[in-house]
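These notes concern the structure reproduced below.
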Amino acid sequence: MLYIGVDLGTSAVKLLLMDSEGKIQNIVSKEYPLYFPHPGWSEQKPEDWYEQTMIGIKELLKDSDKSQVAGISFGGQMHGLVILDENDEVIRPAILWNDGRTSKECDYLNNVIGKDKLSEYTANISFTGFTAPKILWVKNEEPEHFARIKKIMLPKDYIAYKLTGVHCTDVSDASGMLVFDVKNRCWSKEMCEICGIREEQLAKIYESYETVGCVLPEIADELGIPAHVKVAAGAGDNAAAAVGTGTVGDGMCNISLGTSGTIFISSNKFGVDKYNALHAFAHADGHYHLMGCMLSAASCNKWWMDEIIGTDEYSAQQKEITKLGENHVYFLPYLMGERSPHNNPNARGTFIGMTMDTSRADMTQAVLEGVAFALRDSFEVAKSLGIQIDRTKICGGGAKSPLWKQIIANVLNLKVDIIESEEGPAMGGAMLAAVACGEYADVEAAAAKIVKVVDTVEPTPALVEKYEARYQQFKEIYPACKALFDKLL
């Protein structure tokens, strides 16, 4: 049988076709626009997502036996606010995860409602990217739109609705809304009241590997697939990437170097750090995870290469970097503000330490190292909870760089396992579809069968020691700049 994984990303939808053995048969990617109507705002049209997903599925299956398609599931960008009216029409463009307009609403939630209450209700505190402050923003700034809301959805769930007619979400994606009681895996009545919404305006909750329905007859006809194709709820992009890299079960770790960057630690037990510096979310495997999320990771390197240096020869620029652990230039990778662990939308990208002999290679190296140091900030929080991790998987566009993997291994002092397929959320989505269809007993069984480690980047003691000294310097820079960031608005 064949399974489709749909990764609804920020710049494109990536579609993957996997067979029963976990072998990838085809991959297709379709781009769509990203809109910035005001500084710090970030929006997309859900209609574009659906249109490109349908075009992509048709292309994905054009040389395959469509009668063998058994299931579809998703990974998707988290936190985005999609609002539908009584006719299930989109009311306004979706407000995305990297949108920074909700500072006032976050202040209200964290400081008036209070972080302790938020953590009690949802296991998390408010960040500008989360969905609850976006709901409050629409309520405050666009009351005419707020009054029309019949359903509140997340990005990937809009695609699931268009395919099945079912308003659904999964526990991992719902965890990032700040309306979900993570510990008890249900909607929070208290948060619904705070946001001024009713529980019936929210989608029905499923585990990530559960079937929400079958494709609608008209969808089956258009795609040329059987009418009994199952659609599973899927997961938020990071949880789906964790499934795709085998980061399931207790005490596993995955680092994702995509547009954003994450360090993801799976756990069989629910837990929250005392400062809520890490997100405590439900996992796609039926358990829980902790996650540190930085808003700009591989996108920092893309910005540096595309906009500043003006080249698409990324690897050529990295070949000039030869002295790891000896760079005196530092880079704070906060080009879109920052989430974990600082929770500061006003933070900004910053170079410091340049001298007359600083080279372009030094600056490029500082960008790569700055992302690694920022990931370590979140890793340090996890270690403070007594969590012992000695190795990690890695995925995302940045993971294609051997140099970057070497830097991360030594900055975090972790063995970095390279897996055979680095397809992340799309692979995770296909695996969740296979579990929903009974191909595998559970998510852990699917991961054990499909995910294969093919290489490991080992940290070296001498380089770990050098980077330890560099990290101790790096972590002093943000506190020194924090007051200035607030004045630069």
Side-chain angles (χ1 to χ4, degrees), residues 75 77-79 97 106 109-110 113-133 154 169-192 194-195 205-208 235-243 247-256 260-295 338-344 374-389 392 443:
Q77 52 168 298
M78 297 179 68
H79 314 301
W97 62 273
C106 281
L109 289 168
N110 284 331
I113 299 301
K115 293 180 180 180
D116 289 345
K117 285 292 185 185
L118 296 181
S119 187
E120 177 188 340
Y121 298 152
T122 71
N124 294 278
I125 60 175
S126 185
F127 292 79
T128 53
F130 279 12
T131 317
L154 294 163
T169 192
D170 83 285
V171 293
S172 71
D173 215 356
S175 295
M177 292 181 71
L178 204 69
V179 188
F180 186 69
D181 178 346
V182 172
K183 183 177 183 180
N184 297 302
R185 302 170 100 86
C186 63
W187 296 120
S188 165
K189 292 180 171 56
E190 294 87 354
M191 288 306 300
C192 286
I194 289 167
C195 293
I205 300 164
Y206 294 83
E207 293 292 336
S208 300
D237 51 5
N238 291 296
V243 172
T247 311
V248 296
D250 200 35
M252 301 291 282
C253 184
N254 181 56
I255 289 173
S256 176
S260 60
T262 60
I263 184 161
F264 184 112
I265 300 170
S266 60
S267 174
N268 286 347
K269 296 179 181 178
F270 172 78
V272 182
D273 73 90
K274 64 179 179 179
Y275 297 114
N276 293 105
L278 301 182
H279 306 325
F281 288 171
H283 192 7
D285 64 359
H287 300 296
Y288 298 94
H289 72 266
L290 290 171
M291 183 174 70
C293 179
M294 55 187 297
L295 294 179
E338 189 54 298
R339 190 179 292 176
S340 304
H342 302 308
N343 192 17
N344 185 0
L375 285 168
R376 179 165 168 182
D377 281 341
S378 289
F379 187 54
E380 290 298 310
V381 177
K383 289 199 293 186
S384 75
L385 295 175
I387 295 171
Q388 300 296 318
I389 302 290
T392 183
V443 177

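- The salt bridge (Lys or Arg N to Asp or Glu O under 4.0 Å) search around Glu190 returns none, not counting sequence neighbours.
- Formation of a donor-acceptor pair under 3.5 Å by the Asp377 side chain with backbone atoms of Leu375 is not found in this model.
- No side-chain heavy atom of Val248 sits less than 4.5 Å from a side-chain heavy atom of Ser266.
- Of all heavy-atom pairs spanning Ser126 and Leu118, the tightest one is N-CD1, 3.8 Å.
- In this structure, Tyr206 and Val171 have side chains that are not in contact, with every pair of non-hydrogen atoms separated by 4.5 Å or more.
- Residues Met78 and Met177 fail the side-chain proximity criterion, which asks for heavy atoms closer than 4.5 Å.
- Considering only residues two or more places apart in sequence or on other chains, His79 meets the ring pair (Phe, Tyr, Trp, His ring centres under 6.0 Å) condition with Phe130.
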Met294 vs Arg339, side chain to side chain contact (heavy atoms under 4.5 Å, CB included): CA-CA, chis, key distance, verdict: CA-CA 6 Å; Met294 55 187 297; Arg339 190 179 292 176; over 6 Å; no

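- Residue Asp116 places its CG atom among 12 or fewer non-hydrogen atoms of other residues, nucleotides or ligands, all under 6.0 Å distant.
- A distance of 5.0 Å separates CD1 in Ile125 from CG in Asn110, rounded to the nearest 0.5 Å.
- Under the 3.5 Å distance criterion, the side-chain polar atoms of Asn343 are left unmatched by any main-chain donor or acceptor of Phe127.
- Residue Asn268 holds its CG atom at 9.5 Å from NE2 of His283, rounded to the nearest 0.5 Å.
- Residues forming a salt bridge (Lys or Arg N to Asp or Glu O under 4.0 Å) with Asp237 (at least two apart in sequence, or on another chain): none.
- Smallest separation of non-hydrogen atoms from Ala123 and Val182: CB-CB, 4.1 Å.
- Scanning both residues, His289 and Ala239, for their nearest heavy atoms gives CE1-CB, 4.5 Å.
- Residues Met191 and Leu109 come closest through the heavy atom pair CE-CD2, 4.4 Å.
- Of all heavy-atom pairs spanning Leu278 and Gly292, the tightest one is CD2-CA, 3.6 Å.
- Counting heavy atoms from C-beta outward, Val179 and Tyr121 have side chains that stay 4.5 Å or more apart.
- Annotation: side chain to side chain donor-acceptor pair (under 3.5 Å) contacts of Asp250 (sequence neighbours excluded): none.
- Partners of Ser260 by side chain to side chain donor-acceptor pair (under 3.5 Å), not counting sequence neighbours: none found.
- In plain terms, the two heavy atoms of Asp285 and Gly249 that are nearest each other are OD2-N, 3.0 Å.
- A distance-only check finds no donor-acceptor pair linking the side chain of Ser188 to the backbone of Phe180 [under 3.5 Å].
- In this view, Ser340 and His279, Cys293, Ser378 satisfy the side-chain contact (heavy atoms from CB on, under 4.5 Å) rule, not counting sequence neighbours.
- Under the 3.5 Å distance criterion, the side-chain polar atoms of Ser119 are left unmatched by any main-chain donor or acceptor of Lys115.
- The side-chain contact (heavy atoms from CB on, under 4.5 Å) check on Lys189 picks up Glu199, with sequence neighbours excluded.
- Remark: Asp273 pairs with no residue by the side chain to side chain donor-acceptor pair (under 3.5 Å) rule, at least two apart or across chains.
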Test log, rule side chain to side chain donor-acceptor pair (under 3.5 Å), inputs Asp170 and Ser172: CA-CA 6 Å; Asp170 83 285; Ser172 71; 2.5 Å; yes

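- Judged as a side chain to side chain donor-acceptor pair (under 3.5 Å), and not counting sequence neighbours, Ser256 has no contacts.
- Inter-residue side-chain proximity for Asp173 and Phe281 is flagged as unmet; no heavy-atom pair is nearer than 4.5 Å.
- Residues that satisfy the ring pair (Phe, Tyr, Trp, His ring centres under 6.0 Å) test with His287, not counting sequence neighbours, are absent from this structure.
- Within the 4.5 Å cutoff, the side chain of Leu385 has heavy atoms near those of the Leu290 side chain.
- Of the listed residues (Ile263, Thr262, Thr247), just one forms a side-chain contact (heavy atoms from CB on, under 4.5 Å) with Asn238, and that residue is Thr262.
- Residues meeting the ring pair (Phe, Tyr, Trp, His ring centres under 6.0 Å) test with Phe270, sequence neighbours left out: Tyr288.
- For Lys383, the salt bridge (Lys or Arg N to Asp or Glu O under 4.0 Å) partners are Glu380, not counting sequence neighbours.
- Between the side chain of Gln77 and the backbone N or O of Trp97, no donor-acceptor pair lies under 3.5 Å.
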